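In the text below, chain A, chain B and the rest are named by the order of the sequence lines, each starting its count at 1. Everything numeric here is computed off the predicted structure, so don't read it as measured data.
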2 protein chains.
Amino acid sequence: MLKDIVDNNENYQPGLSIDCVIFGFHDNQLKVLLIKVERANKWSLPGGFIPVDQDIDTAAITVLSSRTGVDGVFLRQFATFGKVNRNHQHFDKKILEYLQIEEEKGKWLLRRFVTIGYYALVDFSKILPNPSGRHEIVEWIDHKEVPELILDHREILDKALATLRIELNLMPIGYNLLPEKFTIPELQKLYETILDKKLDRRNFLRKITNIGILTKLDEKKSNVAHKAPNLYSFDKEKYDEVLKNGLNQGW
Amino acid sequence: MLKDIVDNNENYQPGLSIDCVIFGFHDNQLKVLLIKVERANKWSLPGGFIPVDQDIDTAAITVLSSRTGVDGVFLRQFATFGKVNRNHQHFDKKILEYLQIEEEKGKWLLRRFVTIGYYALVDFSKILPNPSGRHEIVEWIDHKEVPELILDHREILDKALATLRIELNLMPIGYNLLPEKFTIPELQKLYETILDKKLDRRNFLRKITNIGILTKLDEKKSNVAHKAPNLYSFDKEKYDEVLKNGLNQGW
DNA sequence: TCAATAATGTGTTATTATGACGCAATGTAC
DNA sequence: GTACATTGCGTCATAATAACACATTATTGA
């Protein structure tokens, strides 16, 4: 994989990469899709390089769909990271030898890489984490229990979450993170999890329904140890309209 | 200039550049600092390349201060642009000949460049537009009268303004665009110009003073053909606090 | 069977923020 | 001194928000 890219490095944008923060929601937890290669002892964000004949957005879609198997989901660029020493000492000669990469070609990999951060919101239940090779582990990890990450990936993850928190006030988001049918309490949990803050049930209901993007279904959730909550779905048309025009006007 | 960079291209991040959208406010107009090189017939955003031994943010500061002579101003990365054909056919062999750049070295310049967009807010009155060479024109241009720009610079400019409009709801901004002492009507004009929308005088006053970042000075503006408006300044301490915590809480 | 439990659904009230105005005050120009 | 343009301050109706009360419903277990 990596060796193929380095061997044909003239086909890739030099010194530039993409990293994706892929968010999912499950068990009332905000999950992040992380990757670990066998020989490394740290986890990392799924990422990739940019073919010279591809838009950066297209390359990001490729990264996302290769790991999750889905496309057409919410994917947004949020920041670009380029500290001088951000990938300093990440690859050294020993690793290049291990990967059977010639020294001359390896130079391509040893320079400072600038990385473009994208974050994705995906429906957890539709994703099958997909290792790109035998020596790779792909796993959903609760964002509160993310272990030490390589390079500046922790900073990238934090920035993605901070961006998501701000965007929560500017647009609706549940459509991408929840299954087709869901309950208001589930939606509220999603908001609470992202914001890391308790919200009042009754005020949340009023505010979320006032947006006008929900359709109340004639169906209740089953198998719950208490009063069965009603199921809802998003009115995609109105949802997209609000997405386009934004939520809060401000001035 | 450009020849120097190309001749020493191993000192610069390949295929990556920075473009700055520098906003100023004057005569009730939102101005953008644009550049025109003599031989070209289109204007462009001030930009530059990224030394391999510099953080991208540092490189952006360098671009900004080289054109405006100021530093320590508001500068923020807002997006990265990387369509495959964004700088297709921008430099061709004829131009490289004109610039006396060898064909071999010129290849560095002919590839697809990804550019990182930064926007800056500066105090118009403190800036002296600074051409970096004899053959360059640097000028403030009303954002409503921006002529055709090179490459995708129009898209970059539009995105910067869209970002600024959103951020106007999330943070205070006048500090960077106005002189130290200013009147409420001036501040309101700034908001109206950025948002391209009329605001009610009385409601604006109430809202802006409620934020708690203004200090009313014991001084009035002179030389006005009507009732003299009071002068205000920003309470920098409270201003920075609001900048840090954000304006609207939303959820 | 039926009360206890743990949720959900709906409503109320006080407070605050917003939008749309009215009117007096002030400095300049003629 | 009066007309003019613009500022400063205030009012009122309406909408949005925060805090809270109570009834409803499905399950569980004595």
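Judged by distance alone, with hydrogens and angles left aside, the side-chain atoms of A:Asn28 form no donor-acceptor pair with the main-chain N or O of A:Lys189 at under 3.5 Å. No donor-acceptor pair closer than 3.5 Å links the side chain of B:Glu136 to the backbone N or O of B:Ile35. Side-chain atoms of B:Asp235 come within 3.5 Å of backbone N or O of B:Glu237 as a donor-acceptor pair. Within the 3.5 Å criterion, the main-chain N or O of A:Leu45 finds a donor-acceptor partner in the side chain of A:His153.
As rounded to whole Å, 14 Å separates atom C1' of D:dT17 from atom CG of A:Leu205. Taking atom CG of residue A:Asn230 and atom P of nucleotide D:dT24, one finds them 17 Å apart after rounding to whole Å. Rounded to whole Å, atom P of D:dA16 lies 16 Å from atom CG of A:Asn169. We find that CD1 of A:Ile184 is positioned 15 Å from C1' of C:dA7, with the value rounded to whole Å.
Residue-to-nucleotide contacts include no donor-acceptor pair under 3.5 Å from the side chain of A:Arg202 to the base of C:dG9.
The listed nucleotides are D:dG8, C:dT8, C:dT10; the one nearest the side chain of B:Arg201 is D:dG8.
Ring planes of A:Phe23 and A:Tyr119: perpendicular class, angle over 60° (limits at 30 and 60°).
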- Which is it for B:Ile194 and B:Ile173 under the side chain to side chain contact (heavy atoms under 4.5 Å, CB included) test, yes or no, and what are the steps along the way? CA-CA 11 Å; B:Ile194 292 174; B:Ile173 60 138; 3.4 Å; yes
- Message: Run the salt bridge (Lys or Arg N to Asp or Glu O under 4.0 Å) test on A:Asp158 and A:Arg154 for me, step by step, so that the C-alpha distance in whole Å, both residues' side-chain angles and the decisive distance to 0.1 Å come before the verdict.
- Response: CA-CA 6 Å; A:Asp158 289 345; A:Arg154 180 79 222 187; 3.4 Å; yes
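Remark: B:Asp240 engages B:Lys236 in a salt bridge, criterion side-chain N to carboxylate O under 4.0 Å. Of the charged side-chain nitrogens involved, none lies within less than 4.0 Å of a carboxylate oxygen, so that A:Arg86 and A:Glu155 do not count as a salt-bridged pair.
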Protein-nucleotides 27-30 of chain C N/O pairs closer than 3.5 Å?
{"from": "C:dG27", "atom 1": "O4'", "to": "B:His226", "atom 2": "O", "distance (Å)": "3.4"}

Are there any protein N/O atoms within less than 3.5 Å of an N/O atom in nucleotides 15-19 of chain C, and if so, which ones and at what distance?
{"from": "C:dG19", "atom 1": "N7", "to": "B:Asn203", "atom 2": "OD1", "distance (Å)": "3.4"}
{"from": "C:dG19", "atom 1": "N7", "to": "B:Arg206", "atom 2": "NH2", "distance (Å)": "3.0"}
{"from": "C:dG19", "atom 1": "O6", "to": "B:Arg206", "atom 2": "NH1", "distance (Å)": "3.1"}

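Tested against A:Phe182, the residues A:Phe25, A:Phe234, A:Tyr175 include a single side chain to side chain contact (heavy atoms under 4.5 Å, CB included) partner, A:Phe234.
When heavy atoms are screened at a 4.0 angstrom cut-off, B:Lys221 is found touching no nucleic acid atom at all.
Of the residues in residues 185-198 of chain B, not one comes within less than 4.0 Å of DNA chain C through any heavy atom.
Atom NZ of A:Lys238 sits in a sparse spot, with 12 or fewer heavy atoms from other residues, nucleotides or ligands closer than 6.0 Å.
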